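These notes concern the structure reproduced below.
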There are 4 protein chains.
Amino acid sequence: MSPRTKKQFEEIRENKKALIMRSALELFAESGYHSVSVKDIAKKSQISKGLLYNYFESKEDLLKAIIIQGLNSISDLIDPDHDGVVTTGEMRFMIDEMFHILTDHRIFLMLYFSILTQPDVMVLASREIEDFFEQLMRKLQSYFRVRGSTDPRADAILFGAILDGIFFNYILNNRDYPIEQVKKRIVELFVK
Amino acid sequence: MSPRTKKQFEEIRENKKALIMRSALELFAESGYHSVSVKDIAKKSQISKGLLYNYFESKEDLLKAIIIQGLNSISDLIDPDHDGVVTTGEMRFMIDEMFHILTDHRIFLMLYFSILTQPDVMVLASREIEDFFEQLMRKLQSYFRVRGSTDPRADAILFGAILDGIFFNYILNNRDYPIEQVKKRIVELFVK
Amino acid sequence: MSPRTKKQFEEIRENKKALIMRSALELFAESGYHSVSVKDIAKKSQISKGLLYNYFESKEDLLKAIIIQGLNSISDLIDPDHDGVVTTGEMRFMIDEMFHILTDHRIFLMLYFSILTQPDVMVLASREIEDFFEQLMRKLQSYFRVRGSTDPRADAILFGAILDGIFFNYILNNRDYPIEQVKKRIVELFVK
Amino acid sequence: MSPRTKKQFEEIRENKKALIMRSALELFAESGYHSVSVKDIAKKSQISKGLLYNYFESKEDLLKAIIIQGLNSISDLIDPDHDGVVTTGEMRFMIDEMFHILTDHRIFLMLYFSILTQPDVMVLASREIEDFFEQLMRKLQSYFRVRGSTDPRADAILFGAILDGIFFNYILNNRDYPIEQVKKRIVELFVK
DNA sequence: GATGAATGAGAGTTCATTCAT
DNA sequence: TATGAATGAACTCTCATTCAT
């Protein structure tokens, strides 16, 4: 039989990598980075421990890959054209997307918050997270500046804090969170 | 020399316990619960590992004690008379206290947030944290109800979220946070 | 295109085998048998891990092949006619060759010494090495016997030890080793 | 019961450390550094794996400790007064001691040779070994200089090589090695 | 012939906890 | 009360070898 082509190998790699990252993300969000062992991840992915190291250099490397992927996919949703300029329409769209992310990427957000507050884990991805954060802040400031704010930086910070707070609370207790009302209030306060 | 009285012994015990808790709190906030070993805590407290187990049943038990103590001391500051009723004056006072806590108990808050987002650690103190949270919500709701809000629960939730968000961001990045401006804004929005 | 003949296939096989052995020898000498992985050898040989097992049954088998080949090629140089008899002229020639080997087969000698001193690796090739050694000793003894030594065995042992010692030191520190002077001294002591 | 005194703890530590080092030395010499697992060492020492790490930071650290101890004890035997000057009497004494070491510290010498030839292990103790070697060379050179040698350095190197060669062969095959005759010959050649 | 994904046993190491003193 | 030696389970990671393609 002829050996697999390069393309076939790549496909296998991509699929398996995605599978491992998905399993790991769920476990990390569920139980916390330190409480999940490589063995757990391998078991959930239905592969051997050894194979995991064929795809990721270390457990830390795996976490980093998950974070980068998550931040990138969120980045894409919030600012698809990456131009850094935010009109009122785009702001409304951005808020919409943010709240979609809140429900669609809930698990990633859980991981994200848990990482932010764990110094020893945070260092692993601090560069990527800081970059993401700065990019978002720049966008918000430009928006408030265009709107005529007297202190765009403070407004951007406050807006970010409110989002963080809502997200944080929603994630910790999403059973009976009045998410729609809250969203409406935000739009009233910051867009209209 | 006269032997120490029972009271003196208890005092020594309490002091040592407090010392251990203080050391552990600092280390946990600095490096994360999982990255701090019992040996580290013992060393920082200048006692032996064995003695630590004389005061706390386990590392988890120690963490729980720290959390309970922290929540209680915050509770006391926010609502000294524990009557659950909040007047406008008390609300202003409460916000004042909250922001004092933010600066005075910064280390505890770091630990607090890191615990909230680590499910495996959270279970250790979930009862205490939920109790604290409910108590605070009841207080806020009663305040907004008295003030004539159409949806006191939503208002309480939003207020709580904003506080959480600000605290969260401040703790992660307190170097150049415009904390005073933000506080003023909050007072304008929710008290006046 | 005409299909390759059987002979051509065998040639390819032999070339590939030689390539793998050369790569492995260099790596083993450089980093030690245990510190070199099969992956390393495959990479250096620019083949896949799997293919290596097409040529050698195991990593140990590969090492054994390298040792046997090395010993044989040295044997050939020292005693091309394999007659076991050593005249004075042949002794002089043998010493010449030995010192040539020292510089030309330096890498193999490094591996050789490292194997001699690693019991767990030594067992893999002990037969071959012992055979080689005995053959050499027989040759040296016959030489000293012909020369009229009172204790040819002791002389042979001493001569062997001196060679070993010089080689050993030269290999460990060949930067500023006065190899030519030493060789002259040996010839004076044992041939003239 | 009163707790153990500091001195008692120190005694326990020293004894256990020595026990572990002894076990490890034997195993390393017997099977080679890489083929001996920490588990093996612990089992031979009749302790748990974990305890080993109470006494040594790592397997490498343990090896290093063994080497340093071995070199020091040999150093002490060869040159008790550490003055670096060697008279004829002292040279005779030194040779005597060397050959004693050969029989008494045989196991350490096996380890020593195996380390010298394993690059990846050698790096762990290269400093210590180089220091030891230089010290010995200086001593030998001073001896040959005083004796009126035309090339003290070459003589020292040759003498060292001969010793190495003899030791090396003796260690690899000590069953029927004519060690006494060889020693006599050395004394004749280099002292008388 | 040739590939590299996949395995599984075992490596070195850490650490909460216990216990003799 | 107080010590730190001692344990053992669990951890992350490695690697020779196999096998479907």
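Order of the sequence lines sets the chain letters (A, B, ...), proteins ahead of strands, with each chain counted from 1. Owing to the predicted nature of the structure, the values given are computational and were not obtained by experimental measurement.
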- Query: In residues 4-32 of chain A, which ones come under 4.0 Å of DNA chain F, going by heavy atoms?
  - Reply: A:R4
- Report the C-alpha distance between C:I47 and C:I41 in whole Å, list the side-chain angles of each, state the deciding distance to 0.1 Å, and finish with yes or no for side-chain contact (heavy atoms from CB on, under 4.5 Å). CA-CA 9 Å; C:I47 59 164; C:I41 300 168; over 6 Å; no
side-chain contact (heavy atoms from CB on, under 4.5 Å) with [X]: which residues, sequence neighbours excluded?
X      : answer
A:S48  : A:L51
D:M21  : D:F56, D:L62, D:A65, D:I66, D:Q69
D:R4   : D:Q8, D:F9, D:I12
B:S126 : B:M122, B:E130

- side-chain hydrogen bond (donor to acceptor under 3.5 Å, both in side chains) involving B:T117 - partner list, sequence neighbours excluded: A:T117
- Message: Please enumerate all residues that pass ring-ring contact (aromatic ring centres under 6.0 Å, His included) together with B:F113, with sequence neighbours excluded.
- Response: A:F168, B:F168
- Task: Give the C-alpha distance, both sets of side-chain angles, the deciding distance and a yes or no for side-chain contact (heavy atoms from CB on, under 4.5 Å) between C:I107 and C:F28.
- Result: CA-CA 9 Å; C:I107 284 183; C:F28 288 159; over 6 Å; no
- Is the phosphate of F:dT1, meaning OP1 or OP2, less than 4.0 Å from a side-chain N or O of B:N54?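 Answer yes for this pair, as a side-chain N or O of B:N54 is under 4.0 Å from OP1 or OP2.
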- Message: If you compare every side-chain N and O of C:Y55 against the phosphate oxygens of E:dA2 (OP1, OP2), does one of them come in below 4.0 Å?
- Response: yes
- Between atom CZ in B:F56 and atom P in E:dT18, what is the gap in whole Å? 16 Å
- Between C:I41 (CD1) and F:dA16 (P), how many Å, whole number? 8 Å
Per the side-chain hydrogen bond (donor to acceptor under 3.5 Å, both in side chains) rule, what does the pair list look like for [range], sequence neighbours excluded?
range                     : answer
residues 12-21 of chain D : none
residues 54-66 of chain A : none
residues 22-42 of chain D : C:D120-D:S35, D:S23-D:S45, D:E26-D:K44, D:H34-D:Q118, D:H34-D:D120, D:S37-D:D40

- Reading DNA chain E 5' to 3', what string of ( ), [ ], | and . shows its pairs, if Watson-Crick and G-U wobble pairs count only when both distances fall under 3.5 Å? .||||||||||||||||||||
- Contact state string [nucleotides 10-16 of chain E, B base, S sugar-phosphate only, - no protein heavy atom under 4.0 Å]: BSSBBBS
- Which is true for A:L52 with a 4.0 Å heavy-atom rule: it touches a base, it touches only sugar-phosphate, or it touches nothing?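 The answer is nothing, as A:L52 stays clear of every strand by at least 4.0 Å.
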